[in-house]
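Working notes, structure below.
Keep in mind the model is a prediction, meaning the values are calculated, not measured. Order of the sequence lines fixes the chain letters, A, B, ..., with proteins taken first and strands second; residue numbering starts at 1 for each chain.
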There are 2 protein chains.
Amino acid sequence: MPGDSQTEIRQLLDRLCRLAAAEEWTADLNPSQYAALAYLARANRFSRAPSQVAEYLSSTRGTISQTLKALHRKGYVAETRSQTDRRSISYDATRAGLDALRKAALFEKPLAGYSQRELTDLSDSLKLLLQRALHARGNRPFGICRECIHHRHRKDERYCALLDVRLEESEAGEICYEQAS
Amino acid sequence: MPGDSQTEIRQLLDRLCRLAAAEEWTADLNPSQYAALAYLARANRFSRAPSQVAEYLSSTRGTISQTLKALHRKGYVAETRSQTDRRSISYDATRAGLDALRKAALFEKPLAGYSQRELTDLSDSLKLLLQRALHARGNRPFGICRECIHHRHRKDERYCALLDVRLEESEAGEICYEQAS
DNA sequence: CGATATTAGTAGCGAGTCGCTATTATTGCA
DNA sequence: TGCAATAATAGCGACTCGCTACTAATATCG
């Protein structure tokens with residue numbers, strides 16, 4: 001039934017995204033390219049391969065492959081082939097890429113009047129909804145490293161018990177493909 | 001800066017939309033077609049022309065023209081030429097169109113556990129954000145007829161003071177292009 | 001009244017997404 | 001060692017999107 005809360009929430013989300021998309025075009029990026037680049041800027045070094053980007057964006061490897069190539073042509077990402085697995089590639093956002101991201105800021109003005117409390121409330125509501133929707137579809141959560149069951153933190157050292165590696169302090173706040181809770 | 005509340009909220013919105021989009025493909029609709037159809041199902045008879053759909057979706061007349069033609073080919077909308085202005089066309093969702101919309105329901109399960117209070121809270125937060133974002137860009141609000149300054153309601157009669165027409169009871173809850181508050 | 005905007009809808013271009021289905025490397029496993 | 005699984009990519013057809021025209025109908029105004 002059109003008009004109920006579900007439909008309304010869905011349409012609100014959609015219109016907000018379309019508005020954001022309109023802004024993204026002005027920054028030499030199309031919405032998919034923006035989304036991929038924004039992910040790469042927040043993802044840790046174990047989570048920047050095409051298939052991981054595809055999964056995060058609920059897209060396919062084929063499409064994302066093209067998107068990343070386009071970003072590469074524009075100089076917004078750098079390609080790094082893996083040493084251990086010669087099939088896989090990792091993409092990192094370049095300085096120019098981060099600049100392009102900043103140009104497409106949309107909700108700065110509309111969110112300016114919000115208190116920190118209101119921001120986290122909204123953020124948490126959306127996070128919960130997304131989490132449930134992802135779970136219903138059997139998708140990975142793509143949570144933050146620090147909030148993972150494999151994350152170990154003692155003294156001033158961080159460590160991932162799953163991948164068996166030491167972690168830099170700055171990596172604790174990044175998105176991880178393997179994150180679980 | 002990636003990682004702040006703004007960026008995070010934007011990425012959450014984006015991922016929710018992409019998830020919804022993935023669901024829409026399964027209902028013989030692409031995301032744009034779904035969005036246009038969902039709008040037509042909620043818009044009143046003064047608001048169903050291509051240019052109005054385009055404005056609602058932050059798109060262009062050209063693109064929406066194609067989208068509506070595609071929906072027409074699929075039998076999901078009906079075309080009606082205006083009697084008064086022979087340039088304009090109005091599109092209405094057909095019964096088959098409404099069925100297709102229902103097939104693409106996504107947030108049913110994830111939102112099932114929410115209380116009515118939580119639903120309206122989330123809905124209101126998003127509405128406020130959208131409203132501010134639209135205002136910042138100088139766009140129309142596309143609000144609901146009933147909540148308009150031109151809406152008159154006395155006894156059991158509804159009336160629009162702007163368009164100078166009587167309104168059916170069922171129209172009071174529909175989206176209107178002319179809505180202002 | 002008639003010339004001149006303005007408006008509504010559409011067509012067509014080029015780039016690119018998206019869901020597909022292969023295809024090619026490379027790696028893991030029995 | 002052979003065969004399945006995996007990572008990335010290529011290519012197809014339908015489509016969106018931002019453009020720039022373009023047609024037809026309606027408004028405006030000297």
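At a threshold of 4.0 angstrom between heavy atoms, the contacts of A:Ala21 with the nucleic acid are absent. Heavy atoms of A:Ser82 sit nowhere under 4.0 angstrom from any nucleic acid atom.
In this structure, the side chain of B:Gln179 does not engage the main chain of B:Cys176 through any donor-acceptor pair within 3.5 Å. When atom types are taken as modelled, the side chain of B:Thr63 and the backbone of B:Thr60 share no donor-acceptor pair closer than 3.5 angstrom. Between the side chain of A:Lys103 and the backbone N or O of A:Glu24 there is no donor-acceptor pair closer than 3.5 Å.
Residue whose closest nucleotide on DNA chain C sits further toward the 5' end, between A:Ser58 and A:Gln83: A:Ser58. Nearest-nucleotide positions on DNA chain D for A:Trp25 and A:Asp85 put A:Asp85 closer to the 5' end. If you find the closest nucleotide of DNA chain D to A:Arg18 and to A:Arg81, the one lying nearer the 5' end belongs to A:Arg81.
Listed pair B:Asn30 / C:dC18 fails the phosphate criterion, with no side-chain N or O lying under 4.0 Å from OP1 or OP2. A:Gln33 has a side-chain polar atom (N or O) that falls below the 4.0 Å cut-off from OP1 or OP2 of C:dT17. Contact annotation: A:Ser32 side-chain N/O to C:dC18 OP1/OP2 distance is under 4.0 Å.
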Pairs under 3.5 Å (N/O, protein and nucleotides 22-25 of chain C):
none

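B:Gln6 and A:Tyr114 share no donor-acceptor pair across their side chains, judged by distance under 3.5 Å alone. Using a 3.5 Å distance cut-off with no hydrogens or angles, the side chains of B:Tyr76 and B:Asp99 do not pair a donor with an acceptor. With 3.5 Å as the limit, one finds a donor-acceptor pair spanning the side chains of B:Ser47 and B:Asn44. In the model, B:Tyr56 has a side-chain atom that pairs as donor or acceptor with a side-chain atom of A:Gln11 under 3.5 Å.
The interatomic distance linking B:Tyr177 (OH) with C:dT7 (C1') rounds to 11 Å, in whole Å. The nearest whole Å value for the distance from the CG atom in B:Asp28 to the C1' atom in D:dC15 is 13 Å. When rounded to the nearest whole Å, the span between CD1 of B:Ile89 and C1' of C:dT7 equals 14 Å. If you measure from atom CZ of B:Phe46 to atom C1' of C:dA8, you get 19 Å, rounded to the nearest angstrom. Remark: P of D:dG18 and CG of A:Leu29 are 14 Å apart, rounded to the nearest angstrom.
Sorted by first and then second residue, the salt bridge (charged side-chain N to carboxylate O under 4.0 Å, His left out) pairs involving residues 147-156 of chain A (not counting sequence neighbours) form an empty list.
Within a heavy-atom distance below 4.0 Å of DNA chain D, the residues of residues 63-77 of chain A found are A:Ser65, A:Gln66, A:Lys69.
Here D:dA7 is the nucleotide among C:dG9, D:dA7, C:dG19 with the atom lying nearest to any side-chain atom of A:Ser51. If you check D:dT9, C:dG19, D:dT16 against the side chain of A:Ser59, the one that comes closest is C:dG19. The B:Tyr91 side chain lies nearest to C:dT10 when the options are C:dG9, D:dA7, C:dT10. With D:dT9, C:dG9, C:dG19 as the choices, the nucleotide that has an atom nearest any side-chain atom of A:Thr60 turns out to be C:dG19.
A:Tyr177 and A:Phe46 have their aromatic ring centers separated by at least 6.0 angstrom.
Here A:Glu55 contributes atom CD and A:Arg140 contributes atom CZ; the two are 5.5 Å apart, rounded to the nearest 0.5 Å.
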